[in-house]
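Below is one structure; the comments refer to it alone.
As the structure lists them, so they are numbered: ligands from 1, and atoms in each ligand from 1. Side chains included, hydrogens not; waters and symmetry mates left out as well; all remaining heavy atoms used.
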Amino acid sequence: KWPDKVTVKEVGPRDGLQNEKVSIATEDKIEWINQLSEAGYDYIEISSFVHPKWIPQLKDAREVAEGITRKEGITYAALVPNMKGLEVALETNVDEVSVFMSASESHNKNNINKTIEETYPVLEEVVKEAKANNKPVRGYVSTVFGCPYEGAIPPSQVLEVSNRLFDMGIDELSLGDTIGVADPKQVDDTLHYLKDKLDFSKVAMHFHNTKGMALANVLVSLQHDISLFDGSLGGLGGCPYAKGASGNLATDDLVHMLDSMGIQTGIHQEKLLEAAGYIQAKLGKNLPSHHMQVNHRT
Ligand code: HMG
Ligand code: MG
């Protein structure tokens with residue numbers, strides 16, 4: 001049995017571009033996000049208010065947030081790692097902020113320079129302040145299905161981090177297969193374990209397609225009543241831990257699969273491909289999604 005409707009959230013301008021070597025001009029990012037706004041999404045993650053030394057590709061987060069044309073009904077969101085990031089995010093008046101941490105200790109340390117225990121109070125303060133400013137908060141958990149340094153991560157550890165984030169007051173959780181190692185059985189086992197312990201109406205899956213298993217993992221998630229999925233248009237964004245590997249699940253491939261199955265997303269495939277063609281030309285390389293390979297190879 002399949003759901004009638006699924007929400008697909010676009011993270012390409014953030015998760016895609018942060019992992020691309022070519023930097024895109026600020027005005028081109030703005031134009032691209034404006035094109036995405038016409039494609040039927042209700043959520044677009046536009047950038048990150050992180051340290052520019054860590055993610056130089058997104059150092060223009062403020063200019064992007066202030067430059068885009070905001071369309072009614074769309075949530076324009078951005079990542080914030082700490083209060084410094086939140087401060088700027090609030091100045092730009094993004095609609096929603098996302099906090100993030102890892103289920104594995106070593107990835108957390110490598111990504112945000114803190115232990116898991118040290119991260120909780122930082123995020124707690126951010127969530128509290130964001131809510132005081134009427135901003136919904138999304139919480140990302142990375143390395144849910146495997147860590148580049150530690151290997152497999154026990155689901156109990158994912159649950160612990162997820163519970164801590166929900167206790168802080170996040171509105172939605174996104175579970176990330178950061179390095180694209182999940183297989184459908186592992187997703188099935190993990191979601192079985194989490195099912196009675198988390199509210200799945202507030203849980204999104206964030207798959208990476210490093211080894212080509214992202215859509216299979218979506219199918220398994222659909223059977224567990226997950227109805228929120230993250231995608232990056234064209235499969236934009238590599239994987240810093242796997243040279244040459246494609247990154248996030250491609251939104252265009254995901255929307256095509258869901259459309260074919262009669263599951264509504266509200267997203268227009270033609271407009272998606274146009275927007276993907278735009279950013280592909282700016283990057284000067286073919287995007288890895290199946291749709292772009294078939295339809296828009298340059
Ligand atoms: P840190 O060096 O430990 O920070 O970095 P600090 O608090 O010690 O401060 C050091 C300096 O950074 C200070 O400046 C701060 O002002 C400045 P100085 O006094 O030396 O001149 N600073 C900042 N500047 C700009 N914006 C800020 C900020 N905060 C402090 N927000 C920090 C800690 C978290 C900032 C750093 O590690 C960082 O920026 N990390 C970013 C990591 C990142 O963006 N990773 C990718 C996103 S996560 C992801 O992709 C996974 C996901 O997609 C899900 C999945 O796929 O699984 C979400
Ligand atoms: Mg990601």
Compile the donor-acceptor pairs under 3.5 Å between side chains in residues 151-168 and protein atoms, sequence neighbours left out, one pair per line.
unit_1 : atom_1 : unit_2 : atom_2 : d
Q157   : NE2    : A103   : O      : 2.6
S162   : OG     : V158   : O      : 2.7

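- Using modelled atom types and a 3.5 Å distance limit, the side chains of Y41 and E10 yield a donor-acceptor pair.
- For atom 30 (C) of ligand 1, the closest non-hydrogen atom on the protein side is N82 ND2, 3.6 Å.
- A salt bridge between E91 and R62 is present, with a side-chain N of the basic residue lying under 4.0 Å from a carboxylate O of the acidic one.
- In this comparison of V50, V144, N248, D15, the heavy atom closest to atom 25 (C) of ligand 1 sits on V50.
- For H206, a nitrogen or oxygen atom sits less than 3.5 Å from a nitrogen or oxygen atom of ligand 1, counting backbone and side chain alike.
- Shown in contact with G85 at under 4.0 Å from a heavy atom are these atoms of ligand 1, numbered in order with element: 31 (N).
- Of the protein's heavy atoms, T178 OG1, 2.5 Å lies nearest to atom 57 (O) of ligand 1.
- In terms of N/O distances under 3.5 Å, ligand 1 is approached by S142.
- With ligand atoms numbered from 1 in the order given, ligand 1 contributes 57 (O) to contacts under 4.0 Å with heavy atoms of G176.
- For ligand 1, the atoms sitting less than 4.0 Å from at least one non-hydrogen atom of L79 are 47 (C), numbered in the order shown with element in parentheses.
- Closer than 4.0 Å to atom 28 (C) of ligand 1 lies at least one heavy atom of the protein.
- An N or O contact shorter than 3.5 Å links H208 to ligand 1 by distance.
- Here the protein heavy atom with the shortest distance to atom 49 (C) of ligand 1 is R14 NH1, 3.6 Å.
- Scanning the protein for heavy atoms near atom 34 (C) of ligand 1, the closest one is P81 CB, 3.6 Å.
- Once rounded to the nearest 0.5 Å, the distance linking OG of S142 with NE2 of H107 reads 5.5 Å.
- Remark: minimum distance from atom 23 (C) of ligand 1 to any protein heavy atom is reached at K84 CD, 3.5 Å.
- The protein does not reach atom 9 (O) of ligand 1 closely, with no heavy atom under 4.0 angstrom from it.
- Between V137 and the options L123, V80, V126, I170, a side-chain contact (heavy atoms from CB on, under 4.5 Å) holds for only I170.
- Here the CD1-NZ distance, from I33 to K71, works out to 15.0 Å after rounding to the nearest 0.5 Å.
- Close contacts of ligand 1 with F49, meaning ligand atoms under 4.0 Å from a residue heavy atom, involve 26 (N), 27 (C), 31 (N).
- Summarising the geometry of K114 relative to T119, their closest heavy-atom pair is CB-OG1, 3.6 Å, with the distance given to 0.1 Å.
- In terms of protein heavy-atom proximity, atom 45 (N) of ligand 1 is nearest to N111 OD1, 2.8 Å.
- Protein heavy atom at the shortest distance from atom 33 (C) of ligand 1 is I112 O, 3.8 Å.
- In terms of N/O distances under 3.5 Å, ligand 1 is approached by Q18.
- Heavy-atom proximity to atom 1 (P) of ligand 1, evaluated over V141, N113, I55, is greatest for N113.
- Here H268 pairs with nothing under the ring-ring contact (aromatic ring centres under 6.0 Å, His included) rule; sequence neighbours left out.
- Looking at heavy atoms from C-beta onward, W54 lies in side-chain contact with N113 at the 4.5 angstrom threshold.
- Within a 4.0 Å radius of atom 21 (O) of ligand 1, the protein contributes no heavy atom.
- Within the 4.0 Å cut-off (strictly below), no protein heavy atom is located near atom 6 (P) of ligand 1.
- Taking a distance limit of 4.0 Å, we find that atom 37 (O) of ligand 1 is approached by some protein heavy atom.
- Stacking of R14 on the aromatic ring of F100 is not recorded, the 6.0 Å distance cut-off and the 45° axial limit not both being met.
- For atom 18 (P) of ligand 1, the nearest protein heavy atom lies 4.0 Å or farther away.
- Of the charged side-chain nitrogens involved, none lies within less than 4.0 Å of a carboxylate oxygen, so that E31 and K282 do not count as a salt-bridged pair.
- Closest non-hydrogen pair, S201 versus D199, comes out as OG-OD1, 2.7 Å.
- Closest non-hydrogen pair, L249 versus L215, comes out as CD1-CD2, 3.8 Å.
- Residues passing the side-chain contact (heavy atoms from CB on, under 4.5 Å) test with A132, sequence neighbours excluded: none.
- A donor atom on one side chain and an acceptor atom on the other are not found under 3.5 Å apart for N111 and S102.
- Between H291 and H256, the ring planes are tilted. Angles from 30° to 60° get that label.
- A donor-acceptor contact closer than 3.5 angstrom links the side chains of Y76 and S37.
- For the Mg ion (ligand 2), the count of nearby protein N, O or S atoms, meaning those under 2.8 Å away, is 3.
- Here CD1 of I279 is found 11.0 Å from NZ of K285. Values are rounded to the nearest 0.5 Å.
- Of the protein's non-hydrogen atoms, H51 CD2, 2.7 Å is the one closest to atom 12 (O) of ligand 1.
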